[in-house]
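Comments concern the structure below.
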Amino acid sequence: MVDIKPIAKKSSSNLVVISNRGACTFKETPQGIKAIPSISGLVSALLPVLDIEGGSWIAWGGRYGKESEVIGNSLAISSNDSKFIFHEVMLTREEVELYYNGFSNSCLWPLCHNFIEKAVFKEEYWKAYCEVNKKYSSVFLKTAGLEDWVWVHDYHLALLPGYIRKSRPHARVALFWHIPFPPPEIFNVIPWSKEIIRGMLESQLIGFHSPKYVQNFIQTAKEIAGAEVDFINGYIYCSGRKIKVITAPIGIDWHEIRDLAKNNQIIQKAAEIRKAAGGEYLLLGVDRLDYTKGIIERLKAVSWLLKNHSQYRSKLTFIQIAAPSRENNSAYQKLRHQVEETIGYLNGIFTENYHVPIRYIFKSLDKSELVAHYLAADMALVTPLKDGMNLVAKEYVAANDKDIGVLLLSSFAGAASQLKGALISNPYNTRETSAQIIKGLKMSLIEKKQRLAAMNRVVKEQDIYWWWQKFQQSWREASRGKCLMETL
Ligand code: ADQ
């Protein structure tokens, strides 16, 4: 927890990042407002960019406001040397329920991850989604200058580029979509699909993690919004405007993870984790507790392995670290019970000589603790049922650059198209996943090293700064060089 102080000055940079949640969640305490770091892939990715570029970040800080409140405090995080200003969007309890838990996480999130049966389509969710997107737009208009570069993030704010353009027709707006973009036949299931696509198309540039999502989006714009498209060069023509669509796979701060992995205290902590876990082999899962991450399917694969290869029962430990996520959403509450029940059941069956094979940590860990676990594990099981990219896979690879480890990656994670050295499995295929775990455990040292080296070349080269440079360059081009990004 860090203290935060109000700030009066505007940052010298003209980058404005807008996302649903920001770097931290604010808590009011008798000593003042405190900030608790947020856990999400988006935050892990954007924090280093804002740390070097400065600018401002407009987001909800987790506090509830009154109906009339739109903007909360403008704050700077005082505990490190970060240069950006956080403008807090105030949302009411009802807005959070309908826009965030409702439309964003009970409709768009499941649908974009191919869980159509979980998607809920409610008029009141949609209305709140429109209203809250307008609210973000008004915070932007109150705090940002005419020359600012506005970078909108993710599925919570798909309509925001449209609202911004209505008030500022010449605004420099770009959007990055962090989750998968489904094919048109799935996206079109949403009763308001056309409005969403039209809102997104008010951006100058739209980025996705993989060429498949780009293709899906362009096809959807063509079919649903009737736009003219150019698949080869990644252009969409709509309402007299030309929108560039690019693939920009997100990266991590490779050096940050490597530095932590070289730290003696963290190496020592890794040794302690191994000792405490017992057995010869240590498997690791690290996820937000989310049904898209395939935790239940992963447990089934571990169970299949222990059932059919009993020699591993007293030798193998699987640690699943799950960060609490979207705890007010009933689908997530149900998943938590299911995961905890399954782990209890499997440990009851497979504990031998008091060796408990599955360990479960339900909390957010700080980066150094996470890296200690990455170092301790023989193998990371990153097996989502669907994932835009997945940063845990990249963090595991970076932490083990000079160590040895094996990455088992789902074929349905965006990261699979970049990390060719990973073992790949279909998470729905229990037998295959289990066989890949055994393959990883038996892999020779030399093969482990070769695979890790190949993956580290990509993760190191295409890191978070590379991602930002790539995006920024395309954005400049999409703005047709009319304006220079002065301080970027
Ligand atoms: P997420 O779905 O949040 O991100 P992911 O990319 O794996 O998924 O990022 C999770 C981040 O949270 C990682 O940086 C990880 O270290 C951290 N984390 C996970 N469990 C933790 C724990 N218990 N304690 C502390 N930290 C923990 C979304 C998309 C992804 C996409 C990212 C970025 O769903 O597909 O990769 O955005 O675009």
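Whatever order the structure lists ligands and atoms in, that order sets their numbers, starting from 1.
When each atom of ligand 1 is checked for a heavy atom of S44 under 4.0 Å away, the hits are 11 (C), 13 (C), 14 (O). Those atoms of ligand 1 with a heavy atom of G388 less than 4.0 angstrom away are 35 (O). Listed by number with element, the atoms of ligand 1 under 4.0 angstrom from any heavy atom of V392 are 7 (O), 15 (C). Here is the list of ligand 1 atoms found below 4.0 Å of a heavy atom in K293: 1 (P), 2 (O), 7 (O), 8 (O). Every atom of ligand 1 with a heavy atom of I321 under 4.0 Å away is listed here by number and element: 23 (N). Near R288, with a cut-off below 4.0 Å to any heavy atom, the atoms of ligand 1 are 1 (P), 2 (O), 3 (O). Atoms of ligand 1 found under 4.0 Å from any heavy atom of W109 (numbered from 1 in listed order, with element): 34 (O). Applying the 4.0 Å criterion to heavy atoms of L370 picks out, from ligand 1, the atoms 16 (O), 25 (C), 26 (N), 27 (C).
Among protein heavy atoms, atom 32 (C) of ligand 1 sits closest to G41 CA, 3.8 Å. Atom 25 (C) of ligand 1 has its closest protein heavy atom at L365 O, 2.9 Å. Taking atom 18 (N) of ligand 1 as the reference point, the nearest protein heavy-atom neighbour is I39 CG2, 3.7 Å. Protein heavy atom at the shortest distance from atom 7 (O) of ligand 1 is L391 N, 3.4 Å. Nearest protein neighbour of atom 22 (C) of ligand 1, counting heavy atoms only, is A323 CB, 3.6 Å. In this structure, the protein non-hydrogen atom closest to atom 36 (O) of ligand 1 is N390 N, 2.9 Å.
At a cut-off of 3.5 Å, with distance as the only test, a side-chain donor of W254 or N456 sits close to an acceptor on the other residue. If you check the side chains of K470 and Q462, you find no donor sitting under 3.5 Å from an acceptor. Checked by atom type, the side-chain pair E297/Y428 shows no donor-acceptor distance below 3.5 Å. Between the side chains of Q320 and D287, at least one donor N or O lies within less than 3.5 Å of an accepting N or O.
In the candidate list V371, D387, L42, D253, D387 is nearest to atom 35 (O) of ligand 1, counting heavy atoms. Residue nearest to atom 33 (C) of ligand 1, selected from H178, M389, E395: H178 (by heavy-atom distance). The closest heavy-atom contact to atom 20 (N) of ligand 1, among the options V286, I250, L46, comes from V286.
With R172 contributing its side chain and W149 its backbone, the two residues share no donor-acceptor pair below 3.5 Å.
Using a 4.0 Å cut-off between charged side-chain N and carboxylate O, K135 and E95 make a salt bridge.
Minimum interatomic distance between A399 and I257 (heavy atoms only, all atoms of both residues): N-CG2, 3.5 Å.
Y155 pairs with exactly one of W109, F181, Y213, Y129 by the ring pair (Phe, Tyr, Trp, His ring centres under 6.0 Å) rule, that one being W109.
In this structure, the ring pair (Phe, Tyr, Trp, His ring centres under 6.0 Å) partners of Y332, at least two apart in sequence or on a different chain, are Y291.
Counting non-hydrogen atoms of neighbouring residues, nucleotides and ligands closer than 6.0 angstrom, the CD atom of E272 exceeds 12 such neighbours.
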(Q) Determine whether N429 and N426 satisfy the following criterion, side-chain hydrogen bond (donor to acceptor under 3.5 Å, both in side chains), listing intermediate values before the conclusion. (A) CA-CA 5 Å; N429 187 338; N426 168 357; over 6 Å; no

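By the 4.5 Å heavy-atom criterion applied to side chains, L175 and H153 are not counted as neighbours.
Of all the heavy atoms of K363, the ones lying under 4.0 Å from any atom of ligand 1 belong exclusively to the backbone.
Ligand 1 lies less than 4.0 angstrom from a heavy atom belonging to S40.
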